[in-house]
Amino acid sequence: MKIVIVDDDFLVSQSLKIILETQADMEVAAVGANGREAISLYGEYHPDVLLMDIRMKEMDGLTASQEILNCWPDAKILLLTTFSDDEYIIRALKIGAKGYLLKQDYESIYPALHAVVNGQTVFGHEVMQKLPNLLEHKEKFSCEEYGISQREADIIRAVGEGFSNREIAEKLFLSEGTVRNYLSQILDKLELRDRTQLAVFCYKKGLIS
């Protein structure tokens, strides 16, 4: 797995590099220090996951994430920060970041990277506790309104609960290819870009609690 790390704290970025490269399946292709470098490094290396801080000089991680996803919609970005600020969490979700972890949760970074590569959206425990209040249910979901079948609704809920395509396939007795096809149709119907936005949609519409 190829990783690019971007953090304006040199000690943090080098510590992360050392930690990740102790794993046989991890390669840190490059290290950057701000959002502008993140954009450049992503374009150069196209990593499997971009692991990036939020608060940085010159350009912050959220702004860089937005620009990267505008250019490369399939980019997988895992935000790593010392702040569980509500505004940051909401912006990260809206932008389409694949995860939001607090830096003190070092032990969760390695499994989180694997989860993101496998199509899951990852949030640290403290962040997960905040999501229900941040994404309070304002509207009820109507399958008919969006032309969503019962099978598609089941898949939407499974995505919102954090299941990967493989897990959804096993849960619903489908092939992974069929799940991918369903997800593509669902995103088109709901006019959403990716699984992260679909997970947010689940919370907002009350499909999961």
Side-chain angles (χ1 to χ4, degrees), residues 1-128 130-131 162 164-165 193-197 199-200:
M1 186 190 308
K2 184 163 62 177
I3 308 297
V4 166
I5 298 170
V6 178
D7 194 301
D8 63 351
D9 187 324
F10 179 78
L11 290 177
V12 169
S13 61
Q14 291 304 308
S15 297
L16 287 170
K17 183 176 187 294
I18 292 169
I19 290 169
L20 293 179
E21 288 189 333
T22 61
Q23 306 295 328
D25 59 348
M26 291 281 174
E27 172 199 354
V28 177
V31 175
N34 59 62
R36 295 191 188 284
E37 289 184 12
I39 297 168
S40 176
L41 290 172
Y42 190 91
E44 181 176 356
Y45 293 98
H46 293 282
D48 295 303
V49 183
L50 171 61
L51 183 61
M52 180 160 55
D53 189 18
I54 290 181
R55 285 192 176 182
M56 297 183 290
K57 296 178 180 179
E58 294 192 36
M59 180 184 287
D60 65 84
L62 291 169
T63 301
S65 296
Q66 182 68 76
E67 294 201 17
I68 289 168
L69 287 163
N70 286 342
C71 294
W72 301 281
D74 294 331
K76 292 180 171 65
I77 302 172
L78 180 57
L79 294 167
L80 191 62
T81 181
T82 55
F83 303 94
S84 59
D85 186 279
D86 292 357
E87 181 183 351
Y88 286 168
I89 296 169
I90 290 297
R91 282 187 64 195
L93 289 168
K94 288 181 177 179
I95 287 168
K98 299 302 181 186
Y100 187 113
L101 298 178
L102 299 184
K103 286 182 180 178
Q104 52 265 40
D105 297 334
Y106 271 100
E107 70 280 357
S108 67
I109 295 173
Y110 177 70
L113 288 168
H114 274 282
V116 167
V117 165
N118 289 325
Q120 298 182 50
T121 302
V122 180
F123 296 97
H125 178 69
E126 184 176 335
V127 177
M128 283 295 295
K130 291 189 171 192
L131 286 180
S164 66
N165 285 356
R193 182 172 60 198
D194 55 28
R195 294 173 67 101
T196 303
Q197 291 187 345
V200 174

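Only heavy atoms go into these numbers, but all of them, side chains included; no hydrogens, no water, no symmetry mates.
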Minimum heavy-atom distance between L101 and S108, given as atom pair plus value: CD1-OG, 4.0 Å
Counterpart residues, side chain to side chain contact (heavy atoms under 4.5 Å, CB included), relative to D9 (two or more places apart): D7, L11, V12
Tabulate below the donor-acceptor pairs under 3.5 Å that side-chain atoms of residues 17-26 make, not counting sequence neighbours, or state none.
| unit_1 | atom_1 | unit_2 | atom_2 | d |
| --- | --- | --- | --- | --- |
| K17 | NZ | E21 | OE1 | 3.1 |
| E21 | OE2 | V28 | N | 3.4 |
| T22 | OG1 | I19 | O | 2.5 |
| D25 | OD1 | Y110 | OH | 3.1 |
| D25 | OD2 | Y110 | OH | 3.1 |
| D25 | OD2 | H114 | NE2 | 2.7 |

Approximate separation, where rounding is to 0.5 Å, of S65 OG and Y42 OH: 11.0 Å
R195 (side chain) donor-acceptor with Q120 (main chain) under 3.5 angstrom: no
Stepwise side chain to side chain contact (heavy atoms under 4.5 Å, CB included) check, I39 with E67: CA-CA 7 Å; I39 297 168; E67 294 201 17; 3.4 Å; yes
Contacts of A33 that satisfy side chain to side chain contact (heavy atoms under 4.5 Å, CB included) - sequence neighbours left out: E37
Over all atoms of both residues, closest heavy-atom pair of A112 and L78: CB-CD2, 4.0 Å
Closest non-hydrogen atom pair between A29 and V4, with its separation: CB-CG2, 4.5 Å
Validation row: V117, L113 side chains within 4.5 angstrom (heavy atoms): no
Side-chain donor-acceptor pairs under 3.5 Å in residues 68-76, sequence neighbours left out?
| unit_1 | atom_1 | unit_2 | atom_2 | d |
| --- | --- | --- | --- | --- |
| N70 | OD1 | Q66 | NE2 | 3.1 |
| N70 | ND2 | Q66 | O | 3.3 |

Residue pair M56 / V6, side-chain heavy-atom distance below 4.5 Å: yes
Option passing side chain to side chain contact (heavy atoms under 4.5 Å, CB included) with I54 (candidates T63, L62, L80): L62
Listed partners of R36 passing side chain to side chain contact (heavy atoms under 4.5 Å, CB included), at least two apart: N34, E58, M59
Nearest atoms (heavy-atom pairs only) where D194 meets Q197: OD1-N, 3.0 Å
Return all side-chain donor-acceptor pairs below 3.5 angstrom for residues 45-53, not counting sequence neighbours, or 'none' if the list is empty.
| unit_1 | atom_1 | unit_2 | atom_2 | d |
| --- | --- | --- | --- | --- |
| H46 | NE2 | G43 | O | 3.1 |
| D48 | OD2 | K2 | N | 2.6 |

